[in-house]
There are 2 protein chains.
Amino acid sequence: MTKEEILIIDDEPQIRKLLEINLESNGYKVTQASDASMGIKLAASHPPDLILLDIGLPDMNGLDALKELRTWYNHSIIILSVIDNEESIVFALDNGASDYVTKPFRVNELLARIRSCLHRNKSIEHNTILIFDNIQVDLIARAVKNNDELIKLTTTEYKLLVLFAQNEGRVLTHQYILKEIWGVGYQNDTQYLRVFVGTLRKKIERNPNKPKHIITESGVGYRFN
Amino acid sequence: MTKEEILIIDDEPQIRKLLEINLESNGYKVTQASDASMGIKLAASHPPDLILLDIGLPDMNGLDALKELRTWYNHSIIILSVIDNEESIVFALDNGASDYVTKPFRVNELLARIRSCLHRNKSIEHNTILIFDNIQVDLIARAVKNNDELIKLTTTEYKLLVLFAQNEGRVLTHQYILKEIWGVGYQNDTQYLRVFVGTLRKKIERNPNKPKHIITESGVGYRFN
DNA sequence: TGATTCTTTATAATATCTTTATTTAATAGA
DNA sequence: TCTATTAAATAAAGATATTATAAAGAATCA
């Protein structure tokens with residue numbers, strides 16, 4: 001099971017340290033940014049599973065950062081703030097914040113809220129095992145079987161397969177896939193996608209030359225069946 | 001749009017009244033229960049879109065009620081509690097509570113948290129499918145079916161079909177179609193259109209020689225039925 | 001370091017679009 | 001109704017764009 005990644009955007013080093021220690025000891029992978037623009041860049045180049053966003057940032061109002069992130073970032077964003085102000089809370093929640101926690105926060109409560117958010121994202125697809133003909137994807141175990149035989153996928157191949165599997169029957173554009181897997185800024189690197197679709201097909205298709213699962217929609221993207 | 005239903009499970013009449021007034025004035029339909037067993041029964045017989053669950057109930061610990069509800073209830077449950085105790089919060093969140101709000105609560109904040117929870121549930125997308133006899137056009141999935149069988153269309157064919165489908169019964173002139181699909185400057189390339197109408201007909205018409213969907217209006221353009 | 005994975009480049013294979021030629025159908029005028 | 005004329009449909013070849021595959025170089029991780 002790969003570690004879930006959490007991005008901390010906060011300007012106070014001691015808060016970041018506190019969070020880092022607690023999150024890492026709970027099995028999360030942590031990345032950090034000390035201001036909004038750096039945080040947004042990090043999130044864009046490598047989308048984390050959850051973002052902890054401080055409101056009092058030096059370069060930008062955290063609520064504006066929230067709005068900007070929400071134009072493309074779909075996972076959870078928890079707001080951390082010293083401001084225990086109803087207006088601010090309502091604004092944040094109405095603009096896509098997954099939760100709003102006031103500082104000083106209780107560490108175990110925050111961890112529970114993080115678990116809750118991450119759980120939510122995961123349980124969008126209720127089924128933990130997705131089955132498509134000869135292919136089984138076990139989201140919990142992060143295991144993929146082809147005709148009951150466990151097959152080995154790299155992280156990128158796995159992410160790609162899960163993205164496909166959760167969007168069965170739907171055409172996903174190159175741009176969308178690239179954004180989801182590689183992050184914003186990679187939308188034009190279509191060749192990455194071709195290479196990885198190629199390797200994935202070799203591993204999951206009965207006949208990779210005549211793919212039945214990953215169908216190319218020329219000029220648009222791919223469709224998973 | 002039907003009203004979203006919220007079930008309040010709380011033993012304090014004045015809290016229920018306060019919530020009822022505020023929720024109803026915000027367009028929600030409200031049902032109420034004064035103890036856990038009644039609340040669970042109500043939820044079971046007529047599942048609401050969200051449950052507000054008090055922890056201090058006369059007949060049962062609210063956290064046990066939460067666990068019982070979660071064995072089958074999949075929508076949001078927000079815990080209301082006078083207990084601002086970390087242990088209790090962690091327990092609730094880890095057992096499927098969508099949020100935990102301490103009493104006395106700020107009404108607007110609670111409303112925002114309710115909106116947030118309901119929004120989450122809703123974001124399971126509903127596809128809009130246009131149906132014309134044997135043809136189904138799913139705009140979200142970018143999928144076209146002929147007699148329930150997925151058919152493969154090129155980008156141009158698909159664009160053309162969507163343009164037709166969105167203008168059912170209306171005569172579209174050659175010029176208009178060419179401008180919409182190929183852009184300005186192609187208005188005189190009527191032959192393009194003939195070729196693509198031809199291939200589209202082969203794919204969507206029962207009998208391409210006697211088209212029922214794409215009707216030619218000689219000298220003018222085409223009409224889609 | 002060695003093995004694995006990711007990124008990049010080059011080239012082959014396909015798919016799609018455009019163009020031309022030819023056949024078929026529709027329309028208007030006598 | 002017949003004929004001349006114009007418009008539309010179809011087929012197929014040529015041109016272009018897109019995708020697949022292999023393989024080398026770079027980066028990463030244990």
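Nothing here was measured: the structure is a model prediction, and the numbers come from that model. The chains referred to below are lettered A, B, ... by the order of the sequence lines, with proteins before strands, and numbering in each begins at 1.
- Rounded to an integer number of Å, the gap from A:Leu178 CG to C:dT7 C1' is 13 Å.
- What separates CZ of A:Arg194 from C1' of C:dT9 is a distance of 13 Å, to the nearest Å.
- Protein atom OH of B:Tyr186 is 7 Å distant from nucleotide atom P of C:dT18, rounded to whole Å.
- Computed from coordinates, the B:Phe196 CZ to C:dT16 P distance equals 10 Å when rounded to whole Å.
- A donor atom on one side chain and an acceptor atom on the other are not found under 3.5 Å apart for A:His174 and A:Gln187.
- Proximity of A:Tyr192 to the phosphate of C:dC6: no side-chain N or O atom is located under 4.0 Å from OP1 or OP2.
- B:Val195 comes within 4.0 angstrom of a base, heavy atoms only.
- Evaluated for a side-chain contact (heavy atoms from CB on, under 4.5 Å) with A:Ile181, the options A:Leu193, A:Thr155, A:Leu163 yield exactly one hit, A:Leu163.
- Geometrically, A:Arg170 does not engage A:Phe224 in a cation-pi contact, judged by NZ or CZ lying under 6.0 Å from the ring centre and within 45° of the ring axis.
- For A:Gln191 against C:dT9, a side-chain N or O and a base N or O form a donor-acceptor pair under 3.5 Å.
- Residue contacts shown for A:Asn209 are limited to sugar-phosphate atoms, with no base heavy atom under 4.0 Å away.
- When rounded to the nearest whole Å, the span between NZ of B:Lys203 and P of C:dA15 equals 11 Å.
- Comparing atom distances between the B:Thr154 side chain and each of C:dC6, C:dT19, C:dC17 picks out C:dC17 as nearest.
- For the residue pair B:Glu157 and B:Thr199, a side-chain donor N or O sits within less than 3.5 Å of a side-chain acceptor on the partner.
- As a whole-Å value, the separation of B:Ile181 CD1 from C:dT18 C1' is 16 Å.
- Using modelled atom types, one finds a donor on one side chain and an acceptor on the other under 3.5 Å when comparing A:Ser88 with A:Tyr100.
- Between A:Ser218 and C:dC17, a side-chain N or O to OP1/OP2 separation shorter than 4.0 Å is absent.
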Worked check of side-chain hydrogen bond (donor to acceptor under 3.5 Å, both in side chains) between B:Asn147 and B:Asn134: CA-CA 5 Å; B:Asn147 289 321; B:Asn134 56 317; 4.8 Å; no
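- For C:dC17, the OP1/OP2 oxygens have no side-chain nitrogen or oxygen of B:Trp182 closer than 4.0 Å.
- When heavy atoms are screened at a 4.0 angstrom cut-off, A:Thr190 is found touching no nucleic acid atom at all.
- Distance A:Leu193 CG to C:dT8 P: 14 Å, rounded to the nearest Å.
- Contact footprint of chain A on DNA chain D: nucleotides with an atom under 4.0 Å from a non-hydrogen protein atom, first to last in 5' to 3' order, D:dT18 to D:dA22.
- Between the CG atom of B:Leu153 and the P atom of C:dA15 there is a distance of 15 Å, rounded to whole Å.
- Among the atoms of the strands shown, only primed sugar atoms or phosphate atoms (P, OP1, OP2) are found under 4.0 Å from some heavy atom of B:Thr155.
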Criterion side-chain hydrogen bond (donor to acceptor under 3.5 Å, both in side chains) on B:Gln136 and B:Asp148, from CA distance to verdict: CA-CA 8 Å; B:Gln136 296 181 21; B:Asp148 292 325; 3.3 Å; yes
